[in-house]
Structures are given as structure tokens and as C-alpha cells.
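Structure first, commentary second.
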Amino acid sequence: INSVDSMYSSIMIPDMDLNIDDNDTAGITVAPTLVGTTVNEGGAVYARLKEVVEEALSVQISDDALRPALGANKREAIAGFLKTFRGAADPAEVERLFLEFRGRLEQTYRDTPPTALPGVAEAIQRMRAAGMQVALTTGFDRGVTQMILDAIDWTVGPTPEHTVDFAITSDDVSLGRPAPELIQVAMQRAGVTDTDQVLAAGDTELDLAAGINAGTKYVIAVSTGAQSAEHLATFPHTHVCDVRDLPELLGLAAPALAE
């Protein structure tokens with residue numbers, strides 16, 4: 001995996017107002033990422049990934065060297081480290097290290113279950129009630145994704161009783177971020193073809209790059225995950241806004257107070 005700096009060098013996108021009126025909100029598809037954007041898992045994914053690679057390759061991975069893995073497909077991230085430190089990535093070795101990483105991560109999640117970030121479920125409920133579709137996107141495979149969703153008691157489906165409409169995982173695409181496929185599959189599932197009606201949100205450089213590469217009109221940097229809002233603000237985006245505050249950014253009316 002290469003650094004994404006060169007990908008951004010010729011792209012400049014200023015902050016802009018959404019200017020969405022009441023008639024437009026029903027057409028919006030919101031595509032936030034999972035860990036760090038909607039879910040807090042204490043940084044376990046990158047701690048376990050770093051741990052497995054360091055032990056297998058007898059290396060030390062600095063924060064800067066770990067950076068290209070943030071938000072990436074985990075098999076692709078492991079392959080990137082093998083290429084960096086060994087010059088080549090044997091597919092069998094990639095798979096062996098991935099399974100070791102996945103096993104350790106699952107044990108960590110059993111010991112310390114992930115939690116939904118404060119206010120996120122309520123924000124998603126408000127957006128869906130306004131007619132928007134919400135599709136989670138993640139570099140995890142379907143099994144780990146389901147483990148996280150089960151831990152936070154979220155469900156996937158089209159009815160108001162479900163938490164989100166779709167969950168797009170690494171099993172659904174051939175390339176992870178910064179490729180736009182996760183977002184494109186979310187659009188396909190939602191029946192949306194106009195990228196002006198899509199909002200992508202994430203907590204890493206690769207998340208933002210995927211939104212840019214997908215051509216979504218709105219690319220939102222959030223401050224709740226792997227990389228700070230100050231850092232993400234140096235990369236192309238349209239807004240800095242956490243998921244819990246998206247309804248306000250989208251101009252949705254505040255929920256009525258209970259009497």
C-alpha cells in the first residue's frame with residue numbers, strides 16, 4: 001500500500017454549504033464508515049494489525065508507517081507491509097497473517113466489546129426518518145462486521161426497526177479504499193446513480209480519498225476515530241462534522257421534545 005499523499009496533490013475542494021431543501025433530503029444516501037466513524041472499539045483493529053505484522057516480520061512499525069493501513073482493506077494492508085519489509089507479498093502468507101489478525105481482533109472484541117459512539121444511532125434514525133438511506137462501509141469482512149454490529153445491537157434492513165439500510169464489507173468489493181468500490185456498491189444497493197445525492201463520511205485519509213474517487217458531492221471528515229480532525233482537514237473534504245451532528249448539517253428539524 002502506497003502513501004496516499006500523491007493522490008491528493010492535485011485535488012483542492014473548498015468547504016461548501018449543503019443547501020439541501022426539504023424536497024431533496026429523501027434522495028440523499030449517507031455512507032459513513034464503521035469503526036471510528038460510528039463505532040468506538042478503542043483502536044483495537046490497528047493495535048492487533050500492528051502487533052501481528054511486527055511479530056511475523058520482526059520489525060517495528062512507526063505511526064507514520066502504519067498510516068497507509070488506516071481505513072484500508074485489512075488483507076491489502078498486510079500485503080502492503082509484506083511488500084515494504086520483504087519486497088513481495090506471498091498470497092498464502094497474506095492469508096495466514098490475516099487469519100491471525102482476525103482471530104486476535106475477535107478475541108479482543110469478546111473481551112472488550114465495541115460500543116456505538118454517542119448520539120450516532122439517534123442521528124441515523126433521524127436521517128432515515130427523513131427519507132435518507134444509510135449504508136455503513138467497512139474494510140472488515142462480513143464476519144467481523146457482523147460481530148461488531150451484534151455487539152452494539154444494530155441491525156441491517158429496510159424497515160424503521162432496523163438501524164441502517166445496508167452494510168457494505170470487504171467481501172462485497174474487489175478493491176478496498178482508496179478505490180471507490182465500497183461507496184459505489186452502497187449506491188447500487190440504494191438504487192442511486194447521482195453522486196450529487198451521496199454523502200460519504202469517514203475518520204481516515206483513505207475514507208476521504210474513497211469519497212473523492214467516488215465523486216460524491218459531500219465528503220465529510222469526522223473527528224471521532226483514527227486520525228484527528230485537524231489532520232484530516234489538510235486533505236480534500238467538504239466539511240468537518242461528526243456523524244451525530246449530520247442531521248443539523250443536513251438541515252433536518254430538531255426532534256420534538258417529549259411532553
Side-chain angles (χ1 to χ4, degrees), residues 18 20 22 24-41 71 109 113-140 142 144-169 172 177 182-192 195 197-204 207-208 210-211 214 216-226 229 232 237-258:
L18 287 177
I20 298 174
D22 291 340
D24 288 334
T25 54
I28 296 290
T29 296
V30 179
T33 62
L34 185 61
V35 168
T37 301
T38 56
V39 173
N40 175 24
E41 48 85 85
Y109 286 169
T115 58
L117 285 164
V120 167
E122 294 79 4
I124 290 174
Q125 183 180 39
R126 288 174 62 190
M127 290 186 287
R128 296 184 77 222
M132 303 179 195
Q133 297 184 82
V134 177
L136 298 174
T137 64
T138 177
F140 286 127
R142 195 169 293 114
V144 174
T145 299
Q146 191 60 54
M147 186 176 187
I148 294 171
L149 294 176
D150 289 344
I152 62 176
D153 199 26
W154 283 18
T155 58
V156 179
T159 73
E161 289 72 31
H162 293 104
T163 314
V164 297
D165 295 278
F166 312 101
I168 314 303
T169 75
D172 298 309
R177 308 181 188 102
L182 286 165
I183 296 170
Q184 290 170 340
V185 171
M187 291 175 62
Q188 292 167 6
R189 301 259 177 101
V192 173
T195 53
Q197 293 296 100
V198 180
L199 182 156
D203 66 303
T204 71
D207 297 337
L208 301 184
T216 63
K217 186 173 183 179
Y218 314 116
V219 180
I220 311 295
V222 306
S223 66
T224 51
L232 293 177
H237 65 286
T238 60
H239 297 78
V240 176
C241 177
D242 293 342
V243 172
R244 66 185 177 189
D245 298 320
L246 283 180
E248 283 68 37
L249 184 68
L250 292 165
L252 299 185
L257 296 176

For a 4.5 angstrom cut-off between non-hydrogen side-chain atoms, does [X] reach [Y]?
X: I183; Y: T216; result: yes
X: I148; Y: V35; result: yes
X: V30; Y: Y218; result: no
X: V198; Y: M187; result: yes
X: V240; Y: L232; result: no
X: I168; Y: F166; result: yes
X: L136; Y: P32; result: yes
X: L199; Y: I220; result: yes

Considering all heavy atoms of both residues, which atom of [X] and which atom of [Y] are nearest to each other, and what is their separation?
X: T37; Y: G202; result: OG1-CA, 3.4 Å
X: A123; Y: V243; result: CB-O, 3.5 Å
X: L149; Y: A167; result: CD1-CB, 4.5 Å
X: G211; Y: V219; result: C-CG2, 3.9 Å

What is the distance from atom [atom1] of [X] to atom [atom2] of [Y], rounded to the nearest 0.5 Å?
X: M147; Y: F140; atom1: CE; atom2: CZ; answer: 10.5 Å
X: T137; Y: L34; atom1: OG1; atom2: CG; answer: 8.0 Å
X: T204; Y: R177; atom1: OG1; atom2: CZ; answer: 6.0 Å
X: I152; Y: E41; atom1: CD1; atom2: CD; answer: 11.5 Å
X: D245; Y: S223; atom1: CG; atom2: OG; answer: 8.5 Å
X: T195; Y: Q184; atom1: OG1; atom2: CD; answer: 10.0 Å

Exercise. Would you check, one step at a time, whether the test side-chain contact (heavy atoms from CB on, under 4.5 Å) holds for R128 with H162?
Key: CA-CA 10 Å; R128 296 184 77 222; H162 293 104; 4.2 Å; yes
Quiz prompt | Cationic N near anionic O, under 4.0 Å, D165 to R189 | solution =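 No.
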Practice problem: In sequence, state the C-alpha distance, the side-chain angles, and the governing distance for M132 and T29, and then conclude on side-chain contact (heavy atoms from CB on, under 4.5 Å). | Solution: CA-CA 6 Å; M132 303 179 195; T29 296; over 6 Å; no
Exercise. Check step by step if side-chain contact (heavy atoms from CB on, under 4.5 Å) holds for Q146 and V156.
Key: CA-CA 10 Å; Q146 191 60 54; V156 179; 5.7 Å; no
Do any N or O atoms from the side chain of [X] and from the backbone of [Y] form a donor-acceptor pair under 3.5 angstrom?
X: R126; Y: P247; value: no
X: R244; Y: I124; value: no
X: T163; Y: T155; value: yes
X: D207; Y: D203; value: yes
X: T145; Y: T169; value: no

Quiz item: Would C241 and L246 satisfy side-chain contact (heavy atoms from CB on, under 4.5 Å), going step by step from the backbone distance to the final call?
Solution: CA-CA 7 Å; C241 177; L246 283 180; 4.0 Å; yes
Quiz item: Between T224 and D242, do the side chains contain an N or O donor and an N or O acceptor separated by less than 3.5 Å?
Solution: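 No, because no side-chain N or O of T224 sits under 3.5 Å from a partner of the opposite role on D242.
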